[in-house]
Amino acid sequence: MKSQDLIKELKKHASSARKKSNEWFFKTGPGEYGEGDKFIGVRVPNIRQVARKFLELDFSELKNCLNSDIHEIRLAGILILVEKNKLARKNKDIKLQKQILNFYLRNRAGVNNWDLVDLSAHYILGQAILDKLESRQILYKYAKSNKLWERRISIITTWIFIREGQLDDCFKLSKLLLKDKEDLMHKAVGWMLREAWKKDAARAEEFLKKNYSYLPRTTLRYAIERMVETKRKRFLQGNF
């Protein structure tokens with residue numbers, strides 16, 4: 001199997017209308033977070049469909065995918081990595097898990113838009129940390145990075161911890177990231193705080209109260225989205 005064959009398959013699903021829509025949606029204009037990202041106009045369900053046909057791609061071919069300047073090609077490569085990782089865990093193939101993790105981290109420059117991060121970080125890096133194949137300290141290193149996507153990886157990775165009821169890293173990383181200047185980070189932190197709230201509302205609300213004066217408004221709105229209306233309004237007004 002070759003990456004070029006995958007690319008040919010993807011192009012069969014390309015649409016000029018979707019291309020234009022994606023370029024707007026992922027903010028590819030000058031000065032925007034996705035500046036320079038290129039699209040051919042393939043829907044995510046179609047990308048998943050194609051990716052499933054190429055799960056046997058080796059790491060050298062996947063590297064070609066992640067090095068591509070085409071968003072959908074990078075996404076296909078990332079989705080293949082995620083599926084490979086799930087299969088490796090199912091087969092208890094720790095050696096392959098480590099290879100996938102190391103490949104993902106070495107090629108993280110290609111994980112450079114919010115959907116690419118959100119569809120992979122917790123499944124690959126997060127799962128590796130849970131499986132004790134990687135230290136949690138890497139998340140704190142990325143949280144201090146000057147690269148937006150590394151900072152987003154750091155907080156989105158905690159999603160898998162939250163699902164397991166492990167909330168400490170979510171709160172610690174959220175606090176580190178509260179002063180981030182990027183709106184995409186405000187949304188990501190708020191999203192993870194909302195997920196934490198679903199697991200332990202009292203603890204999440206205590207975090208929001210304690211850090212209220214530092215909370216970006218977007219982070220707060222995301223974090224309290226699932227609260228009952230009366231409580232949500234109190235938090236918006238700062239009336240606890």
Side-chain angles (χ1 to χ4, degrees), residues 1-91 93 95-128 142 145 147-153 156-157 159 184 188:
M1 282 189 168
K2 298 292 184 182
S3 56
Q4 286 302 318
D5 297 319
L6 177 146
I7 293 169
K8 288 178 183 176
E9 286 292 315
L10 284 176
K11 287 182 176 179
K12 291 178 183 178
H13 300 278
S15 155
S16 57
R18 172 65 58 175
K19 177 181 183 294
K20 185 175 181 180
S21 172
N22 281 349
E23 288 170 346
W24 171 83
F25 187 71
F26 287 96
K27 309 302 180 188
T28 62
E32 296 180 309
Y33 65 76
E35 181 178 0
D37 206 353
K38 297 179 181 178
F39 290 81
I40 56 175
V42 185
R43 297 172 61 248
V44 172
N46 295 129
I47 299 173
R48 288 188 182 277
Q49 177 186 344
V50 171
R52 283 194 290 269
K53 297 178 181 179
F54 289 87
L55 296 182
E56 299 303 316
L57 281 183
D58 62 26
F59 287 116
S60 64
E61 296 298 328
L62 286 171
K63 186 176 178 64
N64 292 337
C65 293
L66 267 67
N67 284 343
S68 174
D69 59 354
I70 303 298
H71 187 103
E72 293 96 334
I73 296 172
R74 298 199 307 281
L75 178 53
I78 286 167
L79 292 175
I80 290 169
L81 273 182
V82 169
E83 289 306 311
K84 279 181 174 288
N85 200 54
K86 290 178 181 178
L87 287 170
R89 292 195 72 249
K90 182 179 179 180
N91 295 329
D93 190 339
K95 181 181 178 181
L96 180 54
Q97 274 186 264
K98 289 180 179 179
Q99 289 176 329
I100 292 167
L101 171 65
N102 291 334
F103 177 86
Y104 181 75
L105 296 179
R106 285 197 308 270
N107 293 280
R108 66 186 182 277
V111 188
N112 58 354
N113 215 314
W114 60 262
D115 61 326
L116 307 180
V117 172
D118 297 358
L119 290 171
S120 64
H122 56 303
Y123 286 125
I124 297 177
L125 179 54
Q127 188 64 65
Y142 287 172
S145 172
K147 297 176 181 177
L148 166 61
W149 307 118
E150 290 187 355
R151 300 199 304 277
R152 189 164 177 111
I153 285 172
I156 296 299
T157 294
W159 195 4
L184 277 175

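As a basis for the values below, the full set of heavy atoms in this structure was taken, side chains included, without hydrogen atoms, waters or symmetry mates.
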Checking the side chain of N85 only, and the main-chain atoms of L81 only, is there a donor and an acceptor separated by less than 3.5 Å? no
Does E61 use its side chain to pair, donor to acceptor, with the backbone of S3 at less than 3.5 Å? yes
Give a yes or no answer on whether the side chain of Q127 reaches the backbone of Y123 with a donor-acceptor pair at less than 3.5 Å. no
Looking at W24, is K20 sitting on its ring face, NZ or CZ under 6.0 Å from the six-membered ring centre and within 45 degrees of the normal? no
Spatial distance of atom CG (L116) from atom CG (L75) [nearest 0.5 Å]: 5.5 Å
Which heavy-atom pair separates I78 from G110 by the least distance, and what is that distance? CD1-O, 4.4 Å
Taking all non-hydrogen atoms of both residues, which atom of G77 and which atom of L62 are closest, and how far apart? O-CD2, 3.9 Å
Verdict with supporting geometry, H13 and V50, side-chain contact (heavy atoms from CB on, under 4.5 Å): CA-CA 9 Å; H13 300 278; V50 171; 3.8 Å; yes
Where do N112 and R74 land on the side chain to side chain donor-acceptor pair (under 3.5 Å) test, with the steps shown first? CA-CA 9 Å; N112 58 354; R74 298 199 307 281; 2.9 Å; yes
Does any N or O in the side chain of K84 come within less than 3.5 Å of the main-chain N or O of L57, such that one atom is a donor and the other an acceptor? yes
Where the side chain of E72 meets the backbone of I40, is there a donor-acceptor pair that is under 3.5 Å apart? yes
Enclosure of K98 NZ (heavy-atom neighbours >12, cutoff 6.0 Å): no
Between E83 and I80 (side chain of the first, backbone of the second, donor and acceptor by atom type, cut-off under 3.5 Å), is there such a pair? no
Donor-acceptor pair, distance only, cut-off 3.5 Å: does the side chain of D5 make one with the backbone of M1? no
Looking at CD1 of I153 and CH2 of W114, how far apart are the two atoms once the value is rounded to the nearest 0.5 Å? 15.0 Å
Rounded to the nearest 0.5 Å, what separates atom CZ in F59 from atom SG in C65? 12.5 Å
Out of curiosity, R43 CZ to Q49 CD, how far, rounded to the nearest 0.5 Å? 10.0 Å
Hey, is the main chain of V42 close enough, under 3.5 Å, to the side chain of R18 for a donor-acceptor pair? no
Got more than 12 heavy atoms from elsewhere within 6.0 Å of NZ, K86? yes
Output for pair (I73 CD1, F39 CZ), nearest 0.5 Å, gives 11.5 Å
Taking every non-hydrogen atom, the tightest pair across N22 and G41: ND2-CA, 4.4 Å
Backbone N/O of A17 and side chain of S21: donor-acceptor pair under 3.5 Å: no
In sequence, state the C-alpha distance, the side-chain angles, and the governing distance for I47 and L79, and then conclude on side-chain contact (heavy atoms from CB on, under 4.5 Å). CA-CA 9 Å; I47 299 173; L79 292 175; 4.0 Å; yes
Surrounding CD of E35 (heavy atoms of other residues, nucleotides or ligands, distance under 6.0 Å), is the total greater than 12? yes
d(T28 OG1, D37 CG) to nearest 0.5 Å is 7.5 Å
Report yes or no: does D58 contribute a side-chain atom to a donor-acceptor pair with the main-chain N or O of S60 at less than 3.5 Å? yes
Show the numbers, then the answer: is there a side-chain contact (heavy atoms from CB on, under 4.5 Å) between I156 and H122? CA-CA 6 Å; I156 296 299; H122 56 303; 4.2 Å; yes
Where F103 and K63 come nearest, the two heavy atoms and their spacing: CZ-N, 3.5 Å
Starting from the C-alpha separation in whole Å, work towards a yes-or-no answer on salt bridge (charged side-chain N to carboxylate O under 4.0 Å, His left out) for D118 and R152. CA-CA 8 Å; D118 297 358; R152 189 164 177 111; 2.7 Å; yes
Minimum heavy-atom separation for Y104 to S120, with atom names? OH-OG, 2.7 Å
Salt bridge or not for R108 and E150, using N-O below 4.0 Å? yes
Taking side chain as C-beta onward, heavy atoms only, is K12 less than 4.5 Å from K8? no
Please lay out, stage by stage, how Y33 and N113 fare under the test side-chain contact (heavy atoms from CB on, under 4.5 Å). CA-CA 8 Å; Y33 65 76; N113 215 314; 3.3 Å; yes
Exercise: identify the closest heavy-atom pair between L119 and V82: O-CG2, 3.5 Å
